[in-house]
Amino acid sequence: MPKLKRLPAKFYYQNTFKLARSLLGKFIVRKIGSKNLIGKIVETEAYYGPNDLASHASAGKTERTKIMFDKPGAAYIYLIYGMYYCFNIVTEAKDFPAAILIRALEPINFSKEANGPGKLCRALKIDKKLNGENLITSKKLYLAKNLKSTSTEALKERRQIKSAKRIGVDYAGKYKDKLWRFYLKNNPYISHK
DNA sequence: CCTGGGATTTTCT
DNA sequence: GAAAATCCCAGGA
């Protein structure tokens, strides 16, 4: 088990695309009762700004999407296809809508599959009750890094980052082919190749 | 390898 | 009333 340290507010205050890459190799900690479920992030997707047609925020600020306009470090969680929740991390300054969808985790101390945004939320028991949760202060859900990771290990992992088209957004016009999905090359837990 | 459909419900038009 | 940032299963090539 890696020794983990919660990521500070500062971590979330960086450009969305940089952050989407920085998140790879970091850990999600989900506390349920006295137990922690821990997974390593291996795949992310960026949704950026009011013009990105793949983003919910392109339709404007609504009851559902208002969290995307919040400050960095908020959790945006929504129900998709009537069955699955998706977990996102809000980025960019207040009132600029952007978020990063966490698409896949490598399970560290649990056995359920988490290779896909819906499966990930099912495995970590993330639902709408956690929508708007502040990841910087929350006791139930937060992000962390490996305290013992050396700089050479971190560098090695950085070199494993690949980018690709986002999944399931063929309707998004000129935004559908943006290479805004990021994943760790050769990691067996990513949702798509 | 690929394509298509069903499950299930919130959200927006 | 249709669509949706998904997943799983069946069937065809």
Side-chain angles (χ1 to χ4, degrees), chain A residues 12 15-24 26 28 30 37 39-70 72-92 95-107 110-133 135 141 143 161-184 186-193:
Chain A
Y12 300 92
N15 169 275
T16 298
F17 303 101
K18 273 184 79 172
L19 186 55
R21 292 169 173 273
S22 300
L23 283 168
L24 298 173
K26 299 297 190 295
I28 295 181
R30 170 77 170 109
L37 296 174
K40 185 170 95 170
I41 298 171
V42 299
E43 184 177 345
T44 63
E45 252 176 32
Y47 290 83
Y48 186 77
N51 300 319
D52 177 3
L53 293 174
S55 170
H56 294 162
S58 65
K61 193 172 181 175
T62 66
E63 184 59 29
R64 177 174 63 150
T65 63
K66 63 183 182 185
I67 301 294
M68 285 189 79
F69 293 75
D70 210 334
Y76 172 45
I77 294 154
Y78 60 89
L79 182 68
I80 188 68
Y81 300 111
M83 310 183 70
Y84 298 101
Y85 292 99
C86 290
F87 170 51
N88 301 250
I89 296 161
V90 173
T91 62
E92 303 293 339
D95 294 327
F96 185 92
I100 298 166
L101 171 66
I102 308 301
R103 289 197 56 90
L105 296 180
E106 175 178 333
F110 59 93
S111 54
K112 288 196 172 56
E113 290 197 0
N115 56 339
K119 293 160 82 177
L120 176 164
C121 285
R122 202 172 49 191
L124 295 187
K125 301 195 199 311
I126 291 172
D127 65 21
K128 258 193 97 172
K129 289 199 290 289
L130 292 166
N131 189 33
E133 193 84 0
L135 301 173
L141 182 64
L143 304 186
I161 297 174
K162 304 282 280 183
S163 60
K165 292 178 192 176
R166 293 177 292 179
I167 302 295
V169 295
D170 284 347
Y171 56 84
K174 67 178 185 179
Y175 286 88
K176 78 182 175 70
D177 294 325
K178 297 278 186 193
L179 301 178
W180 289 356
R181 181 161 65 97
F182 305 94
Y183 60 93
L184 294 176
N186 299 329
N187 187 289
Y189 298 97
I190 60 177
S191 68
H192 288 66
K193 282 230 189 97

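No experiment lies behind these values; they were computed from the predicted model shown. To find a chain, count down the sequence lines: A is the first, B the second, and so on, and within it residues start at 1. Heavy-atom basis, side chains included; hydrogens, waters and symmetry copies ignored.
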Q) Does C/dA5 have OP1 or OP2 sitting under 4.0 Å from an N or O in the side chain of A/Tyr171? A) yes
Discussion item. Classify A/Gly118 by what it touches in the nucleic acid, base, sugar-phosphate, or nothing, heavy-atom distance under 4.0 Å.
Written reply: sugar-phosphate
**Prompt:** Is the ring centre of A/Tyr81 under 5.5 Å from the base ring centre of C/dT6, and are the two planes under 30° apart, so that they stack?
**Reply:** yes
### Query
So, are A/Arg166 and A/Glu45 salt-bridged, with charged N and O less than 4.0 Å apart?
no
The Watson-Crick or G-U wobble partner of C/dA5, with both key distances under 3.5 Å, is none
Taken to the nearest whole Å, CD1/A/Ile80 to C1'/C/dA2 is 13 Å
Q: Tell me what A/Arg166 touches on the nucleic acid: a base, only sugar-phosphate, or nothing, going by heavy atoms under 4.0 Å.
A: nothing
| message | Need one value for A/Leu101: base, sugar-phosphate or nothing, where a base atom within 4.0 Å counts as base even if backbone is also close, heavy atoms only. | response | base
To the nearest angstrom, the CG-P distance between A/Asp127 and B/dT10 comes to 12 Å
| message | Whether A/Arg122 contacts C/dC8 is assessed here as follows: a side-chain N or O lying under 4.0 Å from the phosphate OP1 or OP2. Is that the case? | response | yes
Look at the side chain of A/Asn88 and the backbone N and O of A/Tyr76, then say whether any donor-acceptor pair between them is shorter than 3.5 Å.
yes
query: OP1 or OP2 of C/dC8 less than 4.0 angstrom from a side-chain nitrogen or oxygen of A/Lys119, does that happen here?
result: yes
Does NZ or CZ of A/Lys112 come closer than 6.0 Å to the centre of the six-membered ring of A/Phe110, within 45° of the ring's axis? no
Separation of B/dT9 atom P from A/Asn131 atom CG, nearest Å, is 19 Å
Check: Does A/Lys128 put a side-chain nitrogen or oxygen below 4.0 Å from OP1 or OP2 of B/dT11?
Finding: yes
Q) Closer than 4.0 Å, any side-chain N/O of A/His56 to the OP1 or OP2 of C/dA5? A) yes
**Nearest-Å distance once atom P is located in both C/dA3 and B/dG4** = 16 Å
Identify whether any heavy atom of A/Lys176 sits under 4.0 Å from a base atom; if not, whether one sits that close to sugar-phosphate; answer base, sugar-phosphate or nothing.
-> nothing
Side chain to side chain contact (heavy atoms under 4.5 Å, CB included) with A/Phe87: of A/Leu141, A/Leu130, A/Leu101, only one passes, and it is A/Leu141
By the Watson-Crick or G-U definition, both distances under 3.5 Å, B/dC2 is matched with C/dG11
A/Ile77 CD1 to B/dT10 C1', in whole Å, measures 15 Å
* To do: Determine the interplanar angle of the A/Tyr48 and A/Phe96 rings, folded into 0 to 90°, and report it as parallel if under 30°, tilted if 30 to 60°, perpendicular if over 60°.
  => tilted
